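This report refers to the structure that appears directly beneath it.
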Protein chains: 2
Amino acid sequence: MNDIASATETSAPYEPKTLVEAAYKRLRRDIIEGVHPPGEKLRVEHLKDQYEVGAGTLREALQLLVTDALVVAQGQRGFRVAPISIADFEDITRTRVLLETEALRQSLARGDDAWEAALVASFHRLSRAEQKLSEGDLDTTEEWERRNRAFHETLIAACPSRWIRHFQNILYQQSERYRRLSLFRQPVARDVHAEHQALFEAALARDVTRATSILSEHILRTLDAVKRMPIDVLNGKPATH
Amino acid sequence: MNDIASATETSAPYEPKTLVEAAYKRLRRDIIEGVHPPGEKLRVEHLKDQYEVGAGTLREALQLLVTDALVVAQGQRGFRVAPISIADFEDITRTRVLLETEALRQSLARGDDAWEAALVASFHRLSRAEQKLSEGDLDTTEEWERRNRAFHETLIAACPSRWIRHFQNILYQQSERYRRLSLFRQPVARDVHAEHQALFEAALARDVTRATSILSEHILRTLDAVKRMPIDVLNGKPATH
DNA sequence: GTTTCCCGAAATCTCGAGAATTGTTATTGA
DNA sequence: TCAATAACAATTCTCGAGATTTCGGGAAAC
């Protein structure tokens with residue numbers, strides 16, 4: 001089978017069988033979480049010690065990250081963490097709406113009983129995490145991340161288009177980076193659970209118009225949060241400065 | 001600036017400054033043109049001689065091709081030319097319609113005088129090539145390829161979304177591979193020029209509905225051609241067998 | 001006749017060192 | 001004091017060789 005985006009696939013707990021992939025995953029995580037802030041120069045000589053691999057191996061991992069547009073390679077001047085900007089995030093968000101609503105449309109048209117069951121299950125898991133979060137248990141933030149992503153993935157899981165899902169994965173990854181970088185300023189806020197609940201019910205009812213409408217606004221709402229980001233973050237400074 | 005897709009950008013005559021990029025470009029071309037048929041195993045040891053680079057260098061070039069989904073990397077079992085299938089091409093085509101019509105919509109809404117001028121120019125160049133082609137001059141096929149792509153790129157050039165254009169580039173590349181592989185059976189056919197003419201006029205008139213409609217059908221029509229491909233091509237055999 | 005196991009060959013993956021390019025600093029001259 | 005040039009240092013890019021893993025054929029066992 002033509003397994004597009006095996007590199008960015010996250011649904012299956014894929015076990016990295018090579019050092020390149022292992023380094024790739026660790027690097028990707030560190031970039032998304034802001035350990036390597038936007039614009040930072042990624043020197044191979046320094047990073048190969050930190051990630052405990054050879055120089056050539058790390059280079060390949062960096063090339064893979066260019067795929068996800070998390071790293072940019074400049075001619076003969078090495079690698080750099082992809083810069084960020086409000087315009088870019090706006091682009092990401094609007095394109096995400098375009099793709100994700102189409103995916104949802106197709107998913108609602110094709111989803112069978114098994115899909116419905118999976119949706120109920122993942123919504124339940126997400127609800128539990130959101131409940132704990134609202135009770136002040138901040139340790140579950142990490143877990144909520146995963147369940148949130150899982151819920152959104154399940155929503156469009158019945159979409160038969162591998163390409164749409166592939167592109168959607170890349171964009172989700174990108175927006176996640178922006179969201180992480182803006183988190184410390186805009187903690188959780190919003191009644192996200194209510195939005196998820198409405199989305200879930202509309203999906204189960206196969207109300208395409210309503211579901212896509214809710215999903216659009218759900219995604220677009222994150223735009224405001226990021227637009228209020230402090231400027232120094234956009235310039236690639238570390239979040240703590 | 002966040003230069004997404006520097007690897008797949010083709011509009012600017014980007015000069016490869018590193019051996020990796022040079023090998024990447026040559027390999028990509030050979031894969032699209034069918035020199036390396038779908039499913040073929042890409043052995044580093046053999047290819048490094050053919051492309052006159054080191055083993056590590058070629059590995060990096062192959063990793064870059066994974067980005068474009070022209071090559072798939074399997075765990076510890078090396079690289080392979082991405083397989084093809086009718087289902088995959090159908091997916092590619094429909095997703096292309098989704099993205100390219102949206103891009104055209106935005107482009108028509110934003111295109112200024114300079115864009116109009118560029119569109120007139122590229123359409124003129126394309127028309128000339130199509131005229132020569134209809135006169136039986138088969139040497140211009142290569143040139144027609146470029147001008148056809150240029151025309152379609154100019155159409156959506158005023159679309160401000162880098163991400164949509166990025167994804168569109170990838171999909172265009174993919175569909176080009178399918179088209180090349182099916183060429184020997186379905187040479188040129190269709191009155192492509194008439195379609196281009198109608199598309200051009202609708203775009204100049206800023207008739208969004210008409211333009212997107214024509215573009216959709218224009219893209220979808222290639223589906224039929226590929227669906228009539230001989231089966232052995234789909235199985236990854238060389239086109240000459 | 002079919003399956004299983006084992007071993008050799010081939011290919012992949014990984015690493016460190018050398019050549020080429022870029023960015024910086026110091027020196028010279030006006 | 002400032003601009004231009006030249007040498008230096010740092011980093012990137014490239015290459016070939018060694019360790020690990022996978023693939024294929026053949027013999028033995030059931």
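Since the structure is predicted, the reported quantities are computational estimates derived from the model, not experimental observations. Just so you know, these numbers use all the heavy atoms, side chains as well, and skip hydrogens, waters and symmetry mates.
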How long is the line joining CD of A:Glu45 and C1' of D:dA9, in whole Å?
14 Å
For B:Leu19 and C:dT21, give me the distance from atom CG to atom C1', rounded to whole Å.
13 Å
Checking the side chain of B:Tyr178 only, and the main-chain atoms of B:Ser85 only, is there a donor and an acceptor separated by less than 3.5 Å?
yes
Under 4.0 Å: is that the gap between some side-chain N or O of A:His46 and OP1 or OP2 of D:dA10?
no
Ignoring the backbone of A:Val44, work out which of D:dT12, D:dT22, D:dT14 is nearest its side chain.
D:dT12
Is any NZ, NE, NH1 or NH2 atom of the basic residue among A:Glu21 and A:Lys25 found under 4.0 Å from an Asp or Glu carboxylate oxygen of the other?
no
Just to be sure I understand the rule, does B:Leu58 reach a base, reach only the sugar-phosphate, or reach nothing, if contact means heavy atoms closer than 4.0 Å?
nothing
Value in whole Å for how far the P atom of D:dC13 lies from CG of B:Leu64
12 Å
What's the closest nucleotide to the side chain of B:Thr57 if the choices are C:dT12, D:dC13, D:dT14?
D:dT14
Nearest-Å distance, CG (A:Asp49) to C1' (C:dC15)?
13 Å
Choosing from C:dT14, D:dT22, D:dT14, which nucleotide comes nearest the side chain of A:Thr18?
C:dT14
Could you pick out which residue, B:Phe79 or A:Gln76, lies toward the 5' side of DNA chain C when each is mapped onto its nearest nucleotide?
B:Phe79
Select one nucleotide: of D:dT21, C:dT14, C:dA11, the one nearest the side-chain heavy atoms of B:Arg43.
C:dA11
What is the distance from CG of B:Leu62 to P of C:dT12, rounded to the nearest Å?
9 Å
Rounding to an integer number of Å, can you tell me how far A:Leu47 CG sits from D:dT12 C1'?
14 Å
Report yes if a side-chain nitrogen or oxygen of B:Lys41 is closer than 4.0 Å to either non-bridging phosphate oxygen (OP1 or OP2) of D:dC23; otherwise report no.
no
From NZ of B:Lys48 over to P of C:dA11, roughly how many Å is that when rounded to an integer?
12 Å
Closest nucleotide of DNA chain C for B:Gly78 versus for A:Arg77: which of these residues is on the 5' side?
B:Gly78
Counting heavy atoms from C-beta on, name the nucleotide in D:dT12, D:dT14, C:dT14 closest to the side chain of A:Glu60.
C:dT14
Categorize B:Gly56 for me: base, sugar-phosphate, or nothing, with a 4.0 angstrom heavy-atom threshold over every strand shown.
nothing
Whether A:Trp163 and A:Phe167 hold their rings parallel, tilted or perpendicular, with breakpoints at 30° and 60°
tilted
For the pair made of CD in B:Gln74 and P in D:dT22, what is the distance, rounded to whole Å?
12 Å
Below 4.0 angstrom from OP1 or OP2 of D:dC13, is there any side-chain N or O of A:Arg59?
yes
Would B:Glu153 and B:Arg149 pass as an ion pair if we require N to O under 4.0 Å?
yes
Between A:Arg179 and A:Glu145 (salt bridge meaning N to carboxylate O under 4.0 Å), is one present in this structure?
yes
